[in-house]
Asker: 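My structure is below; once you've seen it, I'll send some questions.
Starting from 1, each residue takes its place in the sequence as its number.
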Amino acid sequence: MKSATGTTFVTNGQLIDGTGKPAVAHGALVMRDGLIVYAGAAADAPAVSPDAVRIDARGGTIMPGLVEAHFHATYFNIAALEDLDIKYPVEYVSLLASVNTRLALECGYTAARSGGCLFNVDVWLKKAIEEDLIAGPRLAASGREICSAGGLMDWNPEFRKIGMEGLVFIINGQEDARRAVRALVKDGIEWVKTYPTGDAASPDINDHHTLCMTFEEMHAVVATAHNHKLKVTGHCRATQGIKNALRAGYDAIEHGTFMDNEAMDLLLERDVPCIPALYFEKASIELGPEFGLPQVVIDGHQETLDGGSESARRILRAGGRLGMGGDYGFGWNPHGNYARELTFFVKDVGLTPLEVITCATKTGAEIMGRGDEFGTLEKGKMADVLIVDGDVVADISLLEDRGRFIAVLQGGIVKAGQLAKPFPTVVKREK
């Protein structure tokens with residue numbers, strides 16, 4: 001991905017550096033050749049050359065670009081489980097995914113970690129974004145997911161004579177688990193996504209208290225993935241599934257819904273980050289009836305929302321790490337609504353705006369394994385920046401309105417927002 005050349009100077013706004021420190025009331029940001037060279041009080045900013053590009057924050061907020069820590073690029077207005085695997089061919093899924101990556105960037109998300117992707121499309125999305133062929137966040141790819149036979153993601157009955165080849169690897173036992181990971185290794189993914197537990201979406205056979213993988217299968221996934229320097233995460237709602245994942249050596253936990261004291265101790269002992277992804281549950285409860293979700297499913301989402309909120313509060317208050325994001329792409333929780341997760345965590349879960357912003361920037365970058373490159377406004381890091389017309393500490397819901405974004409920068413280049421130029425059409429010729 002190209003970086004800016006020259007110097008850019010941003011002033012006239014409060015500066016939130018993403019580390020959790022209080023906002024600097026009169027802040028300034030200096031970027032040179034795509035990197036941050038100064039972030040702090042305007043009064044202490046170094047002098048810049050007369051030809052520097054100057055951006056007026058209009059009394060608003062200068063902050064790090066957001067990180068979506070549970071991104072499903074290939075989910076697009078899903079209304080039923082079948083929409084995930086057999087509705088569209090890979091060619092159309094790829095086009096839809098490129099629309100979603102552009103939208104994410106326009107919404108202020110300069111980086112994203114995939115939480116599972118049909119046909120391993122995110123591997124190639126990442127390449128296209130890095131080569132400036134399409135607009136989108138810096139990606140960490142995960143590709144197809146892994147689930148045991150009969151588990152949450154294995155819903156096609158045997159009489160259909162079709163598997164789940166585009167969406168997940170269906171495994172039976174440790175050897176299948178190793179085989180699935182080795183296939184992902186060859187395809188270039190970074191995170192292996194698994195399904196240790198069920199979900200409220202499947203109340204009859206794989207609900208949110210059901211285990212969908214054995215510990216032995218999970219351990220085989222981790223051992224194989226770590227051998228190839230990949231990381232492992234999993235959809236973990238049921239208490240025992242969470243503990244199985246942590247004992248197996250998982251590098252992150254998606255959801256972490258029903259945490260007991262033992263699970264909490266295991267999580268904190270290894271400093272494993274959790275991505276609760278709770279706004280999906282709230283949207284399912286509020287909008288589920290109009291999309292035809294059965295009451296038993298809605299009730300399950302309510303239990304999940306209550307349990308997940310309590311677990312998230314406990315994790316952060318105990319010194320654990322939370323990432324922000326999750327499960328956008330459903331009809332009732334569409335792409336583009338990413339920042340509603342942030343508002344929810346302030347207004348419903350009870351976190352402070354600065355805590356949530358830290359989770360959505362610094363911690364997100366750490367989860368991606370790139371905390372030394374971006375996620376905070378600190379000297380030497382990539383100039384991935386969001387400039388907002390308004391005070392996001394006073395009203396974090398401003399981040400839901402991309403019309404308020406003065407600029408979204410990646411590597412110091414304005415890619416979206418009011419100051420952005422149309423994204424260029426690039427034709428690359430093979431040498």
Side-chain angles (χ1 to χ4, degrees), residues 1-6 8 31-36 53 64-69 71-76 89-144 184-191 228-231 325 329 335 338 364-365 367-375 380-386 407-417 419-431:
M1 187 182 295
K2 293 179 181 177
S3 296
T5 56
T8 300
M31 299 168 274
R32 185 173 298 123
D33 297 336
L35 299 177
I36 296 168
V53 174
L66 298 166
V67 180
E68 167 65 30
F71 187 56
H72 290 295
T74 50
Y75 287 17
F76 201 90
V90 62
E91 296 85 356
Y92 191 57
V93 167
S94 300
L95 294 173
L96 295 177
S98 69
V99 171
N100 288 335
T101 57
R102 175 188 286 270
L103 178 57
L105 183 61
E106 291 173 350
C107 290
Y109 286 80
T110 54
R113 165 182 168 267
S114 178
C117 189
L118 277 75
F119 304 107
N120 297 340
V121 166
D122 54 359
V123 173
W124 302 102
L125 283 173
K126 176 181 178 178
K127 181 177 176 62
I129 291 168
E130 291 294 335
E131 294 186 357
D132 292 307
L133 298 178
I134 63 174
R138 303 180 192 275
L139 281 180
S142 67
R144 291 169 62 191
L184 291 168
V185 169
K186 293 190 296 180
D187 284 329
I189 64 98
E190 299 158 75
W191 279 87
H228 294 282
K229 299 180 175 61
L230 305 182
K231 295 181 178 180
H335 280 278
Y338 315 110
I367 292 170
M368 290 180 65
R370 302 184 70 177
D372 59 339
E373 298 178 73
F374 55 80
K381 291 193 176 182
M382 294 177 180
D384 288 3
V385 183
L386 175 59
V408 181
L409 300 92
Q410 278 181 317
I413 297 176
V414 177
K415 297 284 187 74
L419 301 182
K421 298 177 181 178
F423 192 79
T425 300
V426 179
V427 177
K428 296 191 72 173
R429 294 178 174 85
E430 297 293 334
K431 294 181 181 180

Asker: Strictly below 4.0 Å, N to O, side chains only: are Lys127 and Glu131 in salt-bridge contact?
Answerer: yes
Asker: Just by distance, do the side chain of Gln410 and the backbone of Gly136 share a donor-acceptor pair under 3.5 Å?
Answerer: yes
Asker: Once rounded to the nearest 0.5 Å, what's the spacing between atom CG of Leu103 and atom NE2 of His335?
Answerer: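 It comes to 8.0 Å.
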Asker: Could you check if a side-chain atom of Lys231 sits within less than 4.5 angstrom of a side-chain atom of Arg113, using non-hydrogen atoms only?
Answerer: no
Asker: Might you point out which heavy atoms bring Leu419 and Ala407 nearest each other, and give the distance in Å?
Answerer: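 The pair with the smallest heavy-atom distance is CD1-CB, 4.3 Å.
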Asker: Determine the sole option in Asp122, Asn100, Val121 for which the side chain to side chain contact (heavy atoms under 4.5 Å, CB included) test with Thr74 is passed.
Answerer: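 One option only clears the test, and that one is Val121.
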Asker: Taking Asp33 for its side chain and Thr5 for its backbone only, find out whether a donor-acceptor pair lies under 3.5 Å.
Answerer: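 It does not hold such a pair.
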Asker: Would you say Asp187's side chain and Gly143's backbone share a donor-acceptor pair under 3.5 angstrom?
Answerer: no
Asker: Minimum heavy-atom separation for Ser142 and Gly116, please, with both atom names.
Answerer: OG-N, 2.8 Å
Asker: What distance do Ile129 atom CD1 and Ser98 atom OG have between them, rounded to the nearest 0.5 Å?
Answerer: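 Those atoms lie 9.0 Å apart.
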Asker: Which class fits the ring pair His72 and Tyr75: parallel under 30°, tilted 30 to 60°, perpendicular over 60°?
Answerer: parallel
Asker: Kindly give the heavy-atom pair with the smallest separation between Ser3 and Gly34, and that separation in Å.
Answerer: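 Closest pair (atom of Ser3, atom of Gly34, distance): CB-CA, 4.0 Å.
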Asker: Starting at NZ of Lys126, measure out to CE of Met1 and round the result to the nearest 0.5 Å.
Answerer: 10.5 Å
Asker: Measuring from Arg138:CZ to Thr110:OG1, what's the distance to the nearest 0.5 Å?
Answerer: 7.0 Å
Asker: Working to the nearest 0.5 angstrom, can you tell me the gap between Asn120 CG and Leu125 CG?
Answerer: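 Rounded to the nearest 0.5 Å, the CG-CG separation comes to 11.0 Å.
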Asker: Find out whether Leu139 and Ser114 are in side-chain contact, i.e. whether some heavy atom of one side chain is under 4.5 Å from a heavy atom of the other.
Answerer: no
Asker: Does Met368 reach the side chain of Phe374, with side-chain heavy atoms less than 4.5 Å apart?
Answerer: yes
Asker: Please examine the side chains of Pro137 and Thr101, heavy atoms only from C-beta on, and report whether any two atoms are closer than 4.5 Å.
Answerer: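 Side chain of Thr101 against side chain of Pro137, heavy atoms only: contact under 4.5 Å found.
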Asker: Return yes if some donor-acceptor pair links the side-chain N/O of Lys229 with the main-chain N/O of Glu190 below 3.5 Å, else return no.
Answerer: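 It does not hold such a pair.
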Asker: Please tell me if the side chains of Glu91 and Phe119 come closer than 4.5 Å, counting only heavy atoms from C-beta onward.
Answerer: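 A side-chain contact is absent here, since even the closest heavy-atom pair is not under 4.5 Å.
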Asker: Could you walk me through whether Trp191 and Ile367 pass the side chain to side chain contact (heavy atoms under 4.5 Å, CB included) check?
Answerer: CA-CA 10 Å; Trp191 279 87; Ile367 292 170; 4.2 Å; yes
Asker: If I take atom SG from residue Cys117 and atom CD1 from residue Ile189, how far apart are they, to the nearest 0.5 angstrom?
Answerer: 11.5 Å
